[in-house]
Engineer: 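For reference, the structure I am asking about is given below.
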Amino acid sequence: MIAHFLDIMRKNPEHEALVSSQFSVNYRELLERYEQYRSWIARNRIPSGAVVSFDGDYSPNSVSLLLALASNKNIVVPLSNDSRNHFSEFREIAATEYDISLDGSEAKLQPTGRNADHPLYEQLRGRDSAGLVLFSSGSTGKSKGIVQDLEKLMQKFRIPRKPMRMLIFLQLDHIGGINSLLYSLANQGTVIVSDKRTPSSVCKAIQEYKAELLPTSPTFLNLLMLSRAHEEYDLSSLNLITYGTEPMQESTLQKIAKILPDTELHQTYGLSEVGILRSKSRSTDSLWLKVGGEEFTTKVVNNTLWIKSDSAMLGYLNAPNPFDEEGFLDTGDLVDQDGEWIKILGRASEIINVGGYKVYPAEVESVLLDMPDIDDVVVFGEDHPIIGKIVAAKFKLAASKTHKQLKAEMLGFCKDKLQSYKIPGKIYITDDETYNERYKRMRRKEKI
Amino acid sequence: MTNDDIQKIIFDALAMANNGREADSQIPLSTETQLYGTGGHLDSMGLVSFLVDIEESLQDSGIYISLSDERAMSQQNSPFRDVQSLSGFIVQLIGEN
């Protein structure tokens, strides 16, 4: 499958492949870097089948290294700077055998001495496939390692589609980011990287590099309208906005359709576990969509969406097999159904969706419990008009503190332990019990 | 509540936000400080927490208003641009309350 990608990339060598304010490379230059990394991998004797992590965001180096590792049949663990605080945990779960750092001009290689012999890895090695490990937060607070057959993920890009100038919004360690990158490489597209993911930085990059496609989240679109960055920049090149990762508010969709009347809006649906499904919106301002495509089958059981897919993950490294006997996976997403159309309503569980980022209460609670003078704490979501949900925490204190003291302490304590979106924006102090008679934490807002 | 009181509440909320920021990215407490949007110190998550802090401080003074609402989002000039515009927005909301 890698060969197929390389063939397409060689077809039009002068075409721009990857551009930002920091770099601009065409396919010839990208392929040259790919060859350099091939030699580097050979020189450093990284064997096929080895589990290799690399850190870094989109750049000519990270993209060509990813391809070179894939062609060496490695099991690749991309780590983006967004999750820097979790690097060692992720490398531990994936049992990486080599860690590569792309920080700085040269790649630095660190053999770890680990032996990655997980049965899922053996399965990949058995079929001589390159692999990919992505992470999702686990409901107990521990991240789950998701093992994908990278070549199966690449399969669906064999069918040629329209080359686009695409602004990449999600990182390399997100299924959406990987999907966007593969789409672009397989179709001689151009990947545009903005300096930051703020509305003004994204709009600036759209204007400067004439982006045609923006894959993003409903929250980003909300923030875009709030910042009014669309008024400062020329977004007329934008033909298509795709949005996914969280439920879209009807009002947001209608507002954005009004602001960008010439841009088509298209809902996508995907999960790290099954990949991104091809989907079709009923109309540009409709939340009803049809998901599937050749390689996907769906069913709705008790209003919850189940998916079976050829490109589904092999399994979790550190969690039980979630597939039913027919090979369907419970997405945990509640849906409404109208014939073949579905509408995503939200998560069935208590996961807090902060602007498209999933926050698991237990993970935040486990950090907060390490703070001094804390008896107990429960974390839950509260509705927020701008970002959907905000993380809130209810503390039971062991020593008296003012609300402001506690918040200041918590912010200082969490800053190097949790990504910013996981840090509670709202806190409460309570004298009541924070758990019920079965010693289960009560994460319900009305108990405050 | 005077304009000075409102400005103090905004500065207190900025000082609170600074607790969670590294030494080299502290937000200056000044009426000129750009908050959100081009050149602003706050990202989206930062803005949300910051507005919550201000709402809570106002509640301590018996004023119950929501800053992060649909209306603020649909205004021609974002009230969250800088300290001054936010301060004016709060005065306006209190006046209507």
Engineer: Tell me, please, which residues at least two apart from Phe169(A) pass ring-ring contact (aromatic ring centres under 6.0 Å, His included).
Structural biologist: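 Partners of Phe169(A) by the ring-ring contact (aromatic ring centres under 6.0 Å, His included) criterion, ordered by chain and then number, come out as Phe220(A).
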
Engineer: Tell me the closest heavy-atom pair linking Gly425(A) and Ser49(B), and the distance in Å.
Structural biologist: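 Closest pair (atom of Gly425(A), atom of Ser49(B), distance): CA-OG, 3.9 Å.
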
Engineer: Can you tell which part of Leu224(A) gets under 4.5 Å to a heavy atom of chain B, answering side chain, backbone, both or neither?
Structural biologist: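 When you check distances to chain B, no heavy atom of Leu224(A) falls under 4.5 Å.
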
Engineer: Restricting to pairs with a member in residues 193-206 of chain A, which pass side chain to side chain donor-acceptor pair (under 3.5 Å), not counting sequence neighbours?
Structural biologist: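 Residue pairs with at least one partner in residues 193-206 of chain A: Ser21(A)-Asp195(A), Asp82(A)-Arg197(A).
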
Engineer: So do the side chains of Met45(B) and Val354(A) get within less than 4.5 Å of each other, counting heavy atoms only?
Structural biologist: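 They are in side-chain contact.
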
Engineer: Does His230(A) have any ring-ring contact (aromatic ring centres under 6.0 Å, His included) partners at least two apart in sequence or in another chain, and if so, which?
Structural biologist: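 For His230(A), no residue satisfies ring-ring contact (aromatic ring centres under 6.0 Å, His included) once neighbours in sequence are set aside.
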
Engineer: Is it the side chain or the backbone of Glu55(B) that comes within 4.5 Å of chain A heavy atoms, both, or neither?
Structural biologist: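 No part of it gets close to chain A.
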
Engineer: Sort Asn18(B) into side chain, backbone, both or neither according to what part of it lies under 4.5 angstrom from a heavy atom of chain A.
Structural biologist: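 Asn18(B) has no heavy atom closer than 4.5 Å to chain A.
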
Engineer: At a heavy-atom distance under 4.5 Å, which candidate from Val52(B), Val48(B), Asp43(B) has the highest pair count against chain A?
Structural biologist: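 The residue among Val52(B), Val48(B), Asp43(B) with the greatest pair count is Val48(B).
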
Engineer: For chain A, find which of Asn19(B), Leu51(B), Asp12(B) contributes the most heavy-atom pairs closer than 4.5 angstrom.
Structural biologist: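 When all of Asn19(B), Leu51(B), Asp12(B) are compared, Asn19(B) has the most.
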
Engineer: Using the side-chain contact (heavy atoms from CB on, under 4.5 Å) rule, pick out the option among Ile390(A), Ile386(A), Ile387(A) that qualifies with Ser68(B).
Structural biologist: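 The side-chain contact (heavy atoms from CB on, under 4.5 Å) with Ser68(B) is passed solely by Ile386(A) among Ile390(A), Ile386(A), Ile387(A).
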
Engineer: So for Arg81(B), is it side chain, backbone, both, or neither that comes closer than 4.5 Å to the heavy atoms of chain A?
Structural biologist: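 For Arg81(B), there is no contact with chain A at all, as no heavy atom is under 4.5 Å.
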
Engineer: Of all the residues in residues 402-411 of chain A, which have a heavy atom that comes within less than 4.5 Å of a heavy atom in chain B?
Structural biologist: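 Residues of residues 402-411 of chain A touching chain B at under 4.5 Å: His403(A), Lys404(A), Lys407(A), Ala408(A), Leu411(A).
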
